[in-house]
Amino acid sequence: MYKISIIGSGTVGGAIGKVFTKYGYHVIFYDLDQGRLKELASRGYKVAETLEEAVLNTDISFICVPTPSNNGSPQKSPIFGIRKSKISDQIDRSYLDTALSGVLNVLTSKDGYHTIVIKSTILPGIVEGFDGGDCGICLNPEFLRSETPEEDFENQPVIIGSIDERAAEILKEFYEDFRRRTEKNFKIFVTDTKTAAMIKYVSNCLLATKISLFNEVAEVCKKIGVDPRIVVDNIVTDRYSTIEQYRRDFLSLGFQDECLPKDLDAFLSFCKDLGYKPELLSAVKEVNERIKRKR
Ligand SMILES: NC(=O)c1ccc[n+]([C@@H]2O[C@H](COP(=O)([O-])OP(=O)(O)OC[C@H]3O[C@@H](n4cnc5c(N)ncnc54)[C@H](O)[C@@H]3O)[C@@H](O)[C@H]2O)c1
């Protein structure tokens, strides 16, 4: 059975590590924030004091560090393992650079193959061409929601973006075993990293579009005396069965969780750099900003 380390034990890392532990895997959590580790340790989870301890005692490391908007600032951090390109400047790469360079450094003193899995949300074109020697890297974008992270994680399709065939094969084998243990029937889809990254961004763009669409439609509904919540309740179908997110985000403050605004911004800059202006998504952002100003 593969042993797992979680590098970055916040919303995503904390949730996936807890779910893997629940299904019997050997999981070690690591984070720069000692408070997070103390909390996990106090609840019986295994934590590592150092990155070395986490990586050297496991076979697969899931990197779950933040990738916030960069807001156009020049990046100070050195590039190690991540491709330097204009695209990689559209998100703040510093957390990922630090985590990835740290793991690669530790691996210089580890015998045997190691699989690095990037769970953080990154744009297409950042990790392609990575050659880690005796370790392989895959992209495995995450779709869970902060409100129901563990429940979402064990009920969603798995997308694996492969650069290194061996690493992708190991991760696929791991998730097949995980699926057997959960007795769920989720899909495991292996593709290239650019496609995997696009699936994640387009998924969030779709959520953002629906929320802005509902906010616009709500204004029309109000003009004709129709309750927009009833309209929305009867039309929503998507990856998440619940309509709670729409109930909260539309008719309240627009989309405002941590991921939708930053991922939409990153994707818009990404398109701009490709010489394309996505009119619909630009309007999605404008509508959301207008709604936020109004409330
Ligand atoms: N929160 C969500 O609902 C969600 C859903 C899907 C994808 N994502 C993506 O997953 C990634 C992580 O998001 P999150 O919400 O879990 O962030 P978070 O801020 O909750 O957790 C990140 C953790 O990483 C730690 N960290 C930062 N640098 C580190 C390093 N070098 N080594 C070890 N630990 C380090 C931080 O201390 C923090 O505890 C982001 O790319 C985000 O876009 C988030």
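Just so we're clear, the structure is a prediction, and the values are computed from it rather than from any experiment. We count ligands from 1, going down the list as the structure has it; atoms in each ligand are counted the same way.
Below 4.0 Å from some heavy atom of K262 lie the following atoms of ligand 1, by number and element: 43 (O). Residue T67 approaches ligand 1 through these ligand atoms, each under 4.0 Å from one of its heavy atoms: 40 (C), 41 (O), 43 (O). Within ligand 1, the atoms closer than 4.0 Å to a non-hydrogen atom of D33 are 37 (O), numbered from 1 in the order shown.
Proximity of Q34 to ligand 1, defined as any heavy-atom pair under 4.0 Å, is not found for any part of the residue. Neither the backbone nor the side chain of I122 comes within contact range of ligand 1; no heavy atom lies under 4.0 Å. When heavy-atom distances to ligand 1 are checked against a 4.0 Å cut-off, P141 has no atom that comes that close, whether in backbone or side chain. At a heavy-atom cutoff of 4.0 Å, ligand 1 is contacted by both the backbone and the side chain of A99.
A salt bridge links D227 to R229: at least one charged side-chain nitrogen sits closer than 4.0 Å to a carboxylate oxygen. The residues R290 and E286 are annotated as not salt-bridged, no charged nitrogen and carboxylate oxygen being separated by less than 4.0 angstrom. In this structure, E176 pairs ionically with K172, as a charged nitrogen and a carboxylate oxygen lie closer than 4.0 Å.
The residue from A15, G10, S9 that puts a heavy atom closest to atom 21 (O) of ligand 1 is G10. Of the options S146, P149, G13, A266, the smallest heavy-atom separation from atom 3 (O) of ligand 1 is shown by S146.
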Stepwise side-chain contact (heavy atoms from CB on, under 4.5 Å) test for E142 and N140: CA-CA 6 Å; E142 183 47 57; N140 174 212; 5.7 Å; no
Test side chain to side chain donor-acceptor pair (under 3.5 Å) on T121 and T67 and set out the steps. CA-CA 7 Å; T121 302; T67 48; 5.0 Å; no
Could you please spell out the steps behind the side-chain contact (heavy atoms from CB on, under 4.5 Å) verdict for L107 and D134? CA-CA 8 Å; L107 288 178; D134 203 19; over 6 Å; no
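Checked against a 3.5 angstrom limit, the closest N/O atoms of T11 and ligand 1 fall inside it. For R36, a nitrogen or oxygen atom sits less than 3.5 Å from a nitrogen or oxygen atom of ligand 1, counting backbone and side chain alike. Not a single N or O atom of Y30, backbone or side chain, sits closer than 3.5 Å to an N or O atom of ligand 1. The shortest N or O to N or O distance between T121 and ligand 1 is below 3.5 Å. Taking only nitrogen or oxygen atoms, main chain and side chain alike, D31 reaches within less than 3.5 Å of ligand 1. Looking at V12 next to ligand 1, an N or O pair under 3.5 Å apart turns up.
Looking at every heavy atom in both residues, L37 comes nearest to V47 through O-CG1, 3.5 Å.
Between Y2 and F20, the ring center distance fails the sub-6.0 Å criterion.
Summarising the geometry, atom CD1 belonging to I7 is positioned 11.0 Å from atom CZ belonging to F62; distances are rounded to the nearest 0.5 Å.
Between S109 and L56 the shortest side-chain heavy-atom distance falls below 4.5 Å.
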